[in-house]
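Reviewing the structure listed below.
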There are 2 protein chains.
Amino acid sequence: METKYNIVKQAIMSKILDGTFQPHQKIYSESELMKQFDVSRHTVRVAIGELVTQGWLYREQGAGTFCVDRSEVETSMNASNQKNIAIITTYISDYIFPSIIRGAESYLSQHGYHVSLFSTNNNHENERKALNKILTQRFDGVIIEPTKSALFNPNINYYLNLERKNIPYIMINAFYDELDPLSITMNDEKGGYIQTKHLIELGHTNIIGFFKTDDIQGNKRMKGFLQAHREHGVFVDPSNIVIYSSEEKATKPVEFLQEKLSVGEDVPTAIVCYNDELAIRLLDVIREKNLQVPEDISIVGFDDSFMANATEVKLTTIQHPKSKMGESAAKMILDIVKAVTGSNKKARDTAESIVIDSELIIRDSTKQINK
Amino acid sequence: METKYNIVKQAIMSKILDGTFQPHQKIYSESELMKQFDVSRHTVRVAIGELVTQGWLYREQGAGTFCVDRSEVETSMNASNQKNIAIITTYISDYIFPSIIRGAESYLSQHGYHVSLFSTNNNHENERKALNKILTQRFDGVIIEPTKSALFNPNINYYLNLERKNIPYIMINAFYDELDPLSITMNDEKGGYIQTKHLIELGHTNIIGFFKTDDIQGNKRMKGFLQAHREHGVFVDPSNIVIYSSEEKATKPVEFLQEKLSVGEDVPTAIVCYNDELAIRLLDVIREKNLQVPEDISIVGFDDSFMANATEVKLTTIQHPKSKMGESAAKMILDIVKAVTGSNKKARDTAESIVIDSELIIRDSTKQINK
DNA sequence: TCCGATTTGTTCGTATGTATG
DNA sequence: GCATACATACGAACAAATCGG
């Protein structure tokens, strides 16, 4: 027990225990300790190394070696360092979510984290169950795609509980306004705006807009839709705005368009869709009525999903980074997680929400109108 | 992560996990490792040091370094019934896998289990990493979609270690023959058979078959393709069979068909595709050549994916249960998990692999030929 | 019981890389 | 840009424990 590194180790221990080194305070540098004990750097490093693995100190390259706050250790130590990140999405298999999940999974697994998946099917009850499990078991962080973000969220308490338990979370695609969380979202208002602007500039004035309004995205896109009309001095026929909920997505817009195209008069020349999924659905309706896209009707999607390219008529749509967004979300949550566990408050405070700019991708489903 | 000591550390970890180093067995001496990795003793000691502090190895001066018996540690750890199921797939975001994952997630979360996701991108190295994590952390069961199932699998040892650790696993879509595991698969041979039979009965005799042959599914579908020809007395032109690997999937088949259609003579009248993804890709090629489906060329897909319905020409294809398969897999693994933990061996022994019958879905991409 | 070969433990010196402030 | 501090890596030496002959 009278090895040199053990002497150094014990000396440092004493200073921690007698309070000379307070939590988060920098201890002597390695070269300082070399002088004090007249030993080599290697010996000092062995001594400090053992104290680090035993959880008394932590090192920060370029800054120094610091004393750990034991009180914090016990709260986070309560579970084995499993390195788990949870992802809650509305749908796992549909649409753009698989890509988002893949992007996140790829980044997280590269950094040694597990990815646990929960899907809510856009249902608050399921969201509650998922949050319940996350609170019960051990997770280091959560990436959440909010369920029905435009409606009042009955699970607010669960989110507040996450905060109380020091489990960081971020939101993607949308966020609950009340919580003011860190988030990565699209600029949906601008998206709706440029969808519509594009059509107006092509000469369209009779444009139907379909918006899913239980998610906040739909509301914002509608806002952009209206703004584009206003700015270009085009009057919006109120009956040209169709709002629907997740539950109605397979029926209401389709039926509305069938009706509208059957009447034969006041037929719209263009359609703004909440997303590509709807656009594809409406494409079928248009085909049934023996109309051509884009000759008879122009149509704009949103999200640039795989669907936009799978059809014969390649969709004009708004770009969505998908797997890149998943990756960004993963990076953001890991940065925060490390800041929390590493008792380095700085990164947490400097983290900022990201709003991704919306850009139009022009393909073959929109066309200049010649009246 | 690419530090020398980390390389050595990971290498030793692998040998522990794949069973090369048995509990209490002596591992290579420091000087041995120095030679093997061509590093200094210091580096070797750092690597071993970390593994010792992490509880994988223990050192005895004068004797050597030994492997810790994890089973002793884990039986006590076992108490924390975390209820985790891991799913390893080749791709998370592509094609039919999201649906499979959703089916499994839905069933498992309803039964109080977590779902952790791993994707291999059809790469053995990534598969190894995933298995590594599953062996290291605590999982109750694993659902695996094999990576390149037709090729020799270098990770067999990891699977055997799963068995040794009493972590049950099942395979979906395909399986490694050597392991003879419980599995849920399609009847791929019949699938290829009825794809082809359908075309032959429509009068086609000049049929190209595209098969991805690094997965076992492709080999079986090709077998069915050949059998259908044989049974109907139709000669197969060897140049009409195109095999490709995952890496070539975006290029080789497309280029082959472009070439074939350019020649102008001996143009095929029908195409059998390994899956819908390829069918859609080839549909574009056919369009470029100003040919019509199904008037000029009939085409049959496989899997009945979302793509089969997204295009203007709805694909004739083979039905795949997708989310139902995920659900079945989830049910099967839970049954086994419960049997193992409940020390009720019966259910485990009675569990049987499922082969799902293949059925043809006839849509608009195939047509009677009139010569 | 002792010897010698092997193996891990401790310590020093040196050099270069990288992050921080 | 610069000094400081930690991170990785090589080389060398001697000490202490183990084990087979």
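To find a chain, count down the sequence lines: A is the first, B the second, and so on, and within it residues start at 1. All heavy atoms count here, side chains included; hydrogens, waters and symmetry mates do not.
Rounded to whole angstrom, the span from the NZ atom of A/K9 across to the C1' atom of C/dT11 amounts to 17 Å. Between B/L33 atom CG and C/dT6 atom P there is a gap of 16 Å when expressed in whole angstrom units. Taking atom CD1 on B/I27 and atom P on C/dT7, their separation rounds to 12 Å, with Å as the unit. Per the geometry, CG belonging to A/L57 stands 12 Å off P belonging to D/dA7, to the nearest Å. Counting to the nearest Å, the P atom of C/dC12 and the CE atom of A/M34 are 9 Å from each other. In this structure, A/I7 places its CD1 atom 12 Å from C1' of C/dT10, rounding to the nearest Å. We find that CD of A/E30 is positioned 15 Å from C1' of C/dA15, with the value rounded to whole Å.
A side-chain N or O of A/N153 and one of A/E127 form a donor-acceptor pair less than 3.5 Å apart. With 3.5 Å as the limit, one finds no donor-acceptor pair spanning the side chains of B/T53 and A/T53.
The side chain to side chain contact (heavy atoms under 4.5 Å, CB included) search around B/A47 returns B/Y5, B/V8, B/K9, not counting sequence neighbours.
Taking the six-membered ring for Trp and the full ring otherwise, B/F21 and B/Y28 have centroids separated by under 6.0 Å.
Contact check for B/E60 versus B/K26: no side-chain heavy atoms found under the 4.5 Å cut-off.
If you find the closest nucleotide of DNA chain C to A/V46 and to B/Y28, the one lying nearer the 5' end belongs to B/Y28.
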Between protein and nucleotides 8-21 of chain D, map the contacts as a letter string: B base, S sugar-phosphate only, - none, heavy atoms under 4.0 Å, written 5' to 3'. BBB--B--BBB---
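Of the charged side-chain nitrogens involved, none lies within less than 4.0 Å of a carboxylate oxygen, so that A/K324 and A/E327 do not count as a salt-bridged pair.
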